[in-house]
Amino acid sequence: MALEKAFPEAAAARQLEATKLVGAEQQARYWLLDPQLAPASKPEFGDFQANGALALARPLQQPPRAVAAAIVEQLAADPAFTALCFPPQIAGPGFINLTLRPEALVAEVASRLADTRLGVPLAGVAAAVSGFGAAPAAGAAAGIVVPSPPAEPVIVDFSSPNIAKEMHVGHLRSTIIGDCLARVLAFRGHAVLRLNHVGDWGTQFGMLITHLKREAPEALTTADAVDLGDLVAFYRQAKQRFDADEAFQTTAREEVVKLQAGDPVSRRAWQLLCDQSRREFQLIYDRLGIELQERGESFYNPYLPAVVTDLEAAGLLVIDDGARCVFLEGVSGKEGKPLPVIVQKSDGGFNYATTDLAAIRYRFAAAPAGDGARRVIYVTDAGQASHFAGVFQVARRAGWIPEDRRLEHVPFGLVQGEDGKKLKTRSGDTVRLKDLLDEAVERSEADLRRRLVEEDRQEDEAFIHHVATTVGLAAVKYADLSQNRTTNYQFSFDRMLALQGNTAPYLLYAVVRIAGIARKGVEAAGASDMGSDPGDYGGDADLAFSEPQEWALVRHLLGFDAVIAEVEEELLPNRLCTYLFELSQVFNRFYDQVPVLKAPPQARASRLALCRLTADTLKLGLGLLGIPTLERM
RNA sequence: GGGGCUGUAGCUCAGCCGGAUAGAGCGACGGUUUCCUAAACCGUAGGUCGUGGGUUCGAGUCCCGCCAGCCCCGCCA
């Protein structure tokens, strides 16, 4: 955040001090030490704390507090620093506590109010604008310093359901987390390619087509001859036959070969099945407000042979038991033998590892023969961690990943039921995503209707439907995103729809409260002669804050950009959720204890401005989570 | 057998490249409404951070051992 501009100063001063205190021969070593500046761990310590003095004490052979004192002396001599912060306090064993001057905070609030990006820089612009003393809004005000957006895209590979199957809870996390990460990256100014790597190729199709030829041939020639539910049943039967019947297996494998070779009849059947599934997936995506570009496994079919050729040329291929493999370094399997990644089966066919390798190769290859990606992110369950580790290693050794490009697996844990086991329906089936979303919305609607009765409110059906849908879907998304991605999480309708706690309804309610103030503010403004532009309640006022709850809100609001930067780097949406939850809590305390509309004019204008900035921050933050907000609920 | 992830309050979980007295929500108990939606706010109780070592001025956080749970491991994806 802009407030952290104090940081470079502190760092420079400390480094300067280190130079003086140690001999020249040791300078280089300490030059690289950082002052360990971090947000204060407790409000009474101020805004930031620098812990670097403690680490320096030993090498300098001086008491930590003496080192801290020397640093503080340097800081005090710096006009830029003293303009921003009060004189630093040395506390405890040698912590340096920094407190920002109110004027600095107010100035930053004012600049955020004028900045639609709320202080979040566009990627690549950060360095240019961050010179000390530059007004944070300077970039925006000077009119788009933005260089042409980077041509190299960031690819987010997520959702990835399988054709001829319905989406189930297993796809939930990938879809929601991937969408959120894509939104954050796009907001930071990256060109984002959202790829849906659907399972539309391979053995499963041989199975299905072979089975349908006997059971329901019309499905292979006529669109929608059987509905998707039946198709799923056929798929299950096909799988059973495949596992039990050797002759069927052979036929199915031959069918795959025909399909991959482009046999017109097989292709036509495949196309029909894909179209049908695609429409079904799209219903879910539309409902969740998620955009995706489909590029399934079949897309990489033409590139599969080149994978093998490349690996062969790189000298990585080994034929083992008739299969072409690359043996992994540093990963030993059974009996100490290195673990293989099989890229071509003994029957000559390719498997999913080959497809994943072809995808990596294509995605990093320069356009137009590839995507030329700068960063590729895979959002899949943690169970595939070793698969991706292996595939990534092969891709690196093959030389497909240029220097300074990033390739990351973003794993997530399982969705579990409240019994701690994998989520299932009462009858033991996997839960269909559609049913899960339906139930969330139904429960949300029931809650709403109960409240309307209790509060004696009248709302029309359109309102009820809209609110119930928004809240229900938001609850599902938020429950997923607010959890640390890497761990399994327990799915609970009751918890996610709770009106209090770290839930979507709680956050949405905070936005609704502010919207209420805005509405009333505009009505009141119509009566008096304050400005009547509803989008600008108090924005132009001179800001002045006095109450502790106002300052708490100010300080929290100014942390937004730092959180976004963190999510972009760590790819952990729950950090943003925690921030927004805390912001809502701080706002609710403010709302509870500080009157806004009934305050005297000067305070009122400042408080309205704070409300607007809070609402904007919540809306933007929730938007990045893929959650739309409401004016009333 | 090898590898990965996880173990923090009764429950669900945070804890941001080690930092000051380990935080929140739910649940429990007790308060707050002439006032912008009380779907809120305030307070109390509750933890030897799985366990044993180690590194460090300082460890929930890093390293090693052990215990428990989940997941992955050659021609499925």
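This structure is a prediction, so every number in the text was calculated from the model and none was measured. Chain letters run A, B, ... following the sequence lines, proteins first and then strands; every chain starts at 1.
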- Message: In this structure, how many angstroms lie between the C1' atom of B:G3 and the CZ atom of A:Phe388, rounded?
- Response: 17 Å
- Rounded to the nearest Å, what distance is computed from the CG atom of residue A:Asp243 to the C1' atom of nucleotide B:A77? 13 Å
- A:Phe95 ring over B:A20 six-membered base ring, under 5.5 Å and 30°: yes
- Measure the distance from OH on A:Tyr506 to P on B:C41 and round it to the nearest whole Å. 4 Å
- Task: Using the C1' atoms only, state how far B:U21 lies from B:A40, rounded to an integer number of Å.
- Result: 29 Å
- Looking only at side-chain N and O atoms, does A:Asn488 come under 4.0 Å of OP1 or OP2 in B:U6? no
- Nearest-Å distance for atom pair CZ/P, residues A:Arg513 and B:C36: 10 Å
- Message: Could you work out, with salt bridge (charged side-chain N to carboxylate O under 4.0 Å, His left out) as the rule, every residue matching A:Asp381, not counting sequence neighbours?
- Response: none
- Message: Below the 4.0 Å mark, does B:C41 have OP1 or OP2 next to a side-chain nitrogen or oxygen of A:Asn588?
- Response: yes
Kindly give the atom pairs (protein nitrogen or oxygen, nucleotide nitrogen or oxygen) under 3.5 Å for nucleotides 23-33 of chain B.
{"unit_1": "B:G23", "atom_1": "OP1", "unit_2": "A:Lys42", "atom_2": "NZ", "d": "3.2"}

- With the side chain defined as heavy atoms from C-beta on, A:Leu499 is closest, among B:A39, B:A40, B:C75, to B:A39
- Query: With sequence neighbours left out, what residues match A:Ala353 under side chain to side chain contact (heavy atoms under 4.5 Å, CB included)?
  - Reply: A:Val341, A:Asn351, A:His387, A:Val391
- Message: Need one value for A:Gln483: base, sugar-phosphate or nothing, where a base atom within 4.0 Å counts as base even if backbone is also close, heavy atoms only.
- Response: sugar-phosphate
- Evaluate side-chain contact (heavy atoms from CB on, under 4.5 Å) for A:Gln416 paired with A:Phe491, printing each intermediate quantity in order. CA-CA 6 Å; A:Gln416 300 174 316; A:Phe491 189 94; over 6 Å; no
- Note on the structure: Quick note, A:Tyr591 side chain, CB onward, closest among B:A20, B:A38, B:A39 is B:A38
- Donor-acceptor pair under 3.5 Å: do we get one between A:Asp200's side chain and the base of B:A77? no
- Message: Within the supplied structure, the quantity of interest is the number of heavy atoms (other residues, nucleotides, ligands) at a distance under 6.0 Å from A:Glu246 CD; does it exceed 12?
- Response: no
- Task: Tell me which of A:Phe242 and A:Val596 sits closer to the 5' end of RNA chain B, going by the nucleotide each one is nearest to.
- Result: A:Val596
- Expressed in whole Å, how much space separates the C1' atoms belonging to B:G3 and B:G47? 33 Å
- Item | P-based separation of B:C42 from B:U6 [nearest Å] | 33 Å
- Given B:C75, B:G15, B:C76, the nucleotide with the shortest approach to the side chain of A:Arg253: B:C76
- Message: With side-chain hydrogen bond (donor to acceptor under 3.5 Å, both in side chains) as the criterion, how do A:Tyr235 and A:Asn162 come out once you've worked through the C-alpha distance, each side chain's angles and the decisive distance to 0.1 Å?
- Response: CA-CA 11 Å; A:Tyr235 183 89; A:Asn162 290 316; over 6 Å; no
- Verify the distance criterion only: is there a donor paired with an acceptor across the side chains of A:His197 and A:Arg295 at less than 3.5 Å? no
- Message: In whole Å, measure the gap between the P atoms of B:C17 and B:C76 for me.
- Response: 42 Å
